[in-house]
Amino acid sequence: MPFITYLSGLLTAQMLSDDQLISGVEIRCEEKGRCPSTCHLCRRPGKEQLSPTPVLLEINRVVPLYTLIQDNGTKEAFKSALMSSYWCSGKGDVIDDWCRCDLSAFDASGLPNCSPLPQPVLRLSPAVEPSSTVVSLEWVDVQPAIGTKVSDYILQHKKVDEYTDTDLYTGEFLSFADDLLSGLGTSCVAAGRSHGEVPEVSIYSVIFKCLEPDGLYKFTLYAVDTRGRHSELSTVTLRTACPLVDDNKAEEIADKIYNLYNGYTSGKEQQTAYNTLMEVSASMLLRVQHHYNSHYEKFGDFVWRSEDELGPRKAHLILRRLERVSSHCSSLLRSAYIQSRVDTVPYLFCRSEEVRPVGMVWYSILKDTRITCEEKMVSMARNTSYLTLSKSLLFKHFLLDVGQSRGRAFRWRPRGLSPSSFLLLHSASFLPWTPGGDLWRDNWTSSASGGHPRGLLQ
């Protein structure tokens, strides 16, 4: 309800008048420093006076404050002070496009720090949805127009799980300039540079193409300036999507195992069943178990039949592999229908045209590096289910339905699905899903301060 409508309602109900206001409520009308005549409160004595407080009436044009000063000497002094305060933290002078720091503006390492080094913000690339093995990250260049010059960005990535001491295991550090742009990195990692909406703003990107499925990864980024200073850390933590499975092959293996278990099982048939189940991945084994129990559970479930036909020792060797599958992947692998699809996504692959001297990395400016970029394609295979729908899509339809129904029961479901099949919602593409969040937001956390990440690690 607009506020003016609320006031009109109070006036109509005679709850608001010139002489008697609601207890504890003060209402004032003001427009460009004076009380407008259209406001009934202005009829009160003394309200027609101009406000003694200076107010901004309107903006005709935007100019620096020092241009409003007529005296040239005062203007230059004011300009120098403003430039120093804005670009050099008031502890140095602006010379061309850099800061000359005062003698008092040096840190404990003896490096000048009057020009602050901004913190980059690492984030997932919105154009590339993470898959089981591919993740693309990006950040905006933090080099200001005047002041500190960024020489490099250092990106650290490591896999975090319950078997790894995260303090002792540091992972792998990659220099954006020396490792990625120079071509010294592996084919599993590629660097890119593009421009945002403003041509002067650069966006750097890194795509990882060889990650492990269903793995929790932590990515950390910081900037390095030409004097060797490091910025604050920016962190992204995410879990890659579940491993790929061939649902048709899993069903064929389940039929094969049933035929081997059915009736008298010879030693050769036992060994064939054991070898078949040990050769498949843990995710495929879980899908085989799902199909076996779906079709043949009346003859005994998969675990009991395996122990009975292969013996406790061999059955234990097979079944303990199921513990490697995380809980969220286990639930997705038990979906009624799973199908595979392959998405082809473009990404930038950039190489430097210059050879940076070893040992003098911090004397060159990354933004001035001449690079050559080309667009390449990466194939991203995904598993999807008829029952896996994006929560954000569901929420969108929920808002539309609520807006139209005005309180009616929520009855939306996707076209082509019967009410009985619309049972369970998971996030699309076998991304890990947790209740109460968005499609990606609960599966990756971004911390600009490098603090304890939220969501998955709590």
Atom CD1 of Ile365 and atom OG1 of Thr226: how far apart are they, to the nearest 0.5 Å? 6.5 Å

Quick one: side chains of residues 241-253, donor-acceptor pairs under 3.5 Å with protein atoms, not counting sequence neighbours, listed by atom name and distance.
{"residue": "Asp246", "atom": "OD1", "partner": "Asn248", "partner atom": "N", "Å": "3.2"}
{"residue": "Asp246", "atom": "OD1", "partner": "Lys249", "partner atom": "N", "Å": "3.3"}
{"residue": "Asp247", "atom": "OD1", "partner": "Arg287", "partner atom": "NE", "Å": "2.6"}
{"residue": "Asp247", "atom": "OD1", "partner": "Arg287", "partner atom": "NH2", "Å": "3.2"}
{"residue": "Asp247", "atom": "OD1", "partner": "His291", "partner atom": "NE2", "Å": "2.8"}
{"residue": "Glu251", "atom": "OE2", "partner": "His295", "partner atom": "NE2", "Å": "3.1"}

Which distance, rounded to the nearest 0.5 Å, do you find between the CZ of Arg341 and the CG of Asp343? 4.0 Å

Could you check whether any side-chain N or O of Thr240 sits under 3.5 Å from a backbone N or O of Asp214, counting only pairs where one atom can act as donor and the other as acceptor? yes

Do the non-hydrogen side-chain atoms of Thr344 and Val378 ever get within less than 4.5 Å of each other? no

Derivation of the side chain to side chain contact (heavy atoms under 4.5 Å, CB included) call for Leu211 and Val134: CA-CA 6 Å; Leu211 300 180; Val134 179; over 6 Å; no

Hey, are the side chains of Leu285 and Ile318 touching, using non-hydrogen atoms and a 4.5 Å cut-off? yes

Measure across His328 and Arg239 and return the closest heavy-atom pair with its distance rounded to 0.1 Å. CE1-CD, 3.0 Å

State, with a plain yes or no, whether a side-chain heavy atom of Arg351 is found less than 4.5 Å away from one of Thr372. no

Looking at side-chain heavy atoms only, is the closest gap between Met278 and Arg321 below 4.5 Å? yes

Stepwise, does the side chain to side chain contact (heavy atoms under 4.5 Å, CB included) test hold for Leu366 with Leu181? CA-CA 10 Å; Leu366 180 61; Leu181 289 183; 4.0 Å; yes

If only atom types and distance count, is the side chain of Ser335 paired as donor or acceptor with the main-chain N or O of Leu332 below 3.5 Å? yes

Keeping the roles fixed (side chain from Tyr296, backbone from Ala254), state whether a donor-acceptor pair exists under 3.5 Å. no

What closest approach, in Å, do Arg229 and Leu117 show between heavy atoms, and which atom pair accounts for it? O-CD2, 3.6 Å

Measure the shortest side-chain to side-chain distance between Ser231 and Pro120 over non-hydrogen atoms and say whether it is less than 4.5 angstrom. yes

Please enumerate all residues that pass salt bridge (charged side-chain N to carboxylate O under 4.0 Å, His left out) together with Asp97, with sequence neighbours excluded. Lys149

With heavy-atom distances below 4.5 Å as the criterion, would you say the side chains of Leu122 and Thr235 are in contact? no

Salt bridge between Glu138 and Arg123, side-chain N to carboxylate O under 4.0 Å? yes

With rounding to the nearest 0.5 angstrom, report the CG to OG distance, Leu322 to Ser283. 9.5 Å

Using modelled atom types and a 3.5 Å cut-off, is there a donor and acceptor pairing between side-chain atoms of Ser136 and backbone atoms of Ser125? no

Test side-chain hydrogen bond (donor to acceptor under 3.5 Å, both in side chains) applied to Asp255 and Tyr292, step by step: CA-CA 7 Å; Asp255 294 339; Tyr292 187 97; over 6 Å; no

Mind running side chain to side chain contact (heavy atoms under 4.5 Å, CB included) on Leu155 and Val206 for me, showing each step along the way? CA-CA 9 Å; Leu155 184 63; Val206 175; 4.0 Å; yes

Nearest non-hydrogen partners of Tyr153 and Gln143, listed with the distance: OH-N, 4.5 Å

Do Leu348 and Arg193 touch side chain to side chain, with heavy atoms closer than 4.5 Å? no

If you apply the rule side chain to side chain contact (heavy atoms under 4.5 Å, CB included), what do you find for Val201 with Asp141, and how did you get there? CA-CA 7 Å; Val201 177; Asp141 187 20; 5.9 Å; no

Rounded to the nearest 0.5 Å, the CD atom of Glu353 sits from the CD1 atom of Ile371 at a distance of 8.5 Å

Establish, from distance only, whether the side-chain atoms of Ser151 and Asp225 form a donor-acceptor pair under 3.5 Å. no

Has the side chain of Ser281 got a donor or acceptor atom that lies under 3.5 Å from a matching backbone atom of Met284? yes

Would you check if the side chain of Lys209 reaches a backbone N or O of Ser187 as a donor-acceptor pair within less than 3.5 Å? yes

Above 12 or not: heavy atoms from other molecules or residues under 6.0 Å from CD of Gln70? no

Which pair of heavy atoms, one from Ala191 and one from Leu180, lies closest together, and at what distance? CB-CB, 3.6 Å

Report yes or no: do Tyr261 and Lys256 form a side-chain donor-acceptor pair below 3.5 Å? no

Any chance the side chains of Asn275 and Gln271 put a donor and an acceptor closer than 3.5 Å? yes

What's the spacing between Glu307 CD and Leu319 CG if we round to 0.5 Å? 6.5 Å

Option passing side-chain hydrogen bond (donor to acceptor under 3.5 Å, both in side chains) with Asn383 (candidates Ser132, Ser340, Ser131): Ser340

Can you give each donor-acceptor pair under 3.5 Å made by side-chain atoms of residues 83-96, sequence neighbours left out, with the distance rounded to 0.1 Å?
{"residue": "Ser84", "atom": "OG", "partner": "Gly92", "partner atom": "O", "Å": "2.4"}
{"residue": "Ser89", "atom": "OG", "partner": "Cys114", "partner atom": "O", "Å": "2.9"}
{"residue": "Asp93", "atom": "OD2", "partner": "Arg100", "partner atom": "NH2", "Å": "3.3"}

Any Trp139 side-chain heavy atom under 4.5 Å of Ile203 side chain: no

Polar side-chain atom of Asp102 near backbone of Ala105 as donor-acceptor pair, under 3.5 Å: no

Phe176 and Tyr204 aromatic ring geometry - parallel, tilted or perpendicular at 30°/60° bounds: perpendicular

Between Thr148 and Ser115, a side-chain donor and acceptor under 3.5 Å: no

Can you name the closest pair of heavy atoms from Leu174 and Phe208 and give their distance? CD1-CE2, 4.2 Å

Could you check whether any side-chain N or O of Gln270 sits under 3.5 Å from a backbone N or O of Glu309, counting only pairs where one atom can act as donor and the other as acceptor? yes

Least distance between heavy atoms, Lys75 atom then Ile69 atom: CE-O, 2.8 Å

Ser80 side-chain N/O to Glu76 backbone N/O, donor-acceptor pair under 3.5 Å: no

Rounded to the nearest 0.5 Å, what's the gap from CE on Met377 to OH on Tyr347? Could you check? 10.0 Å

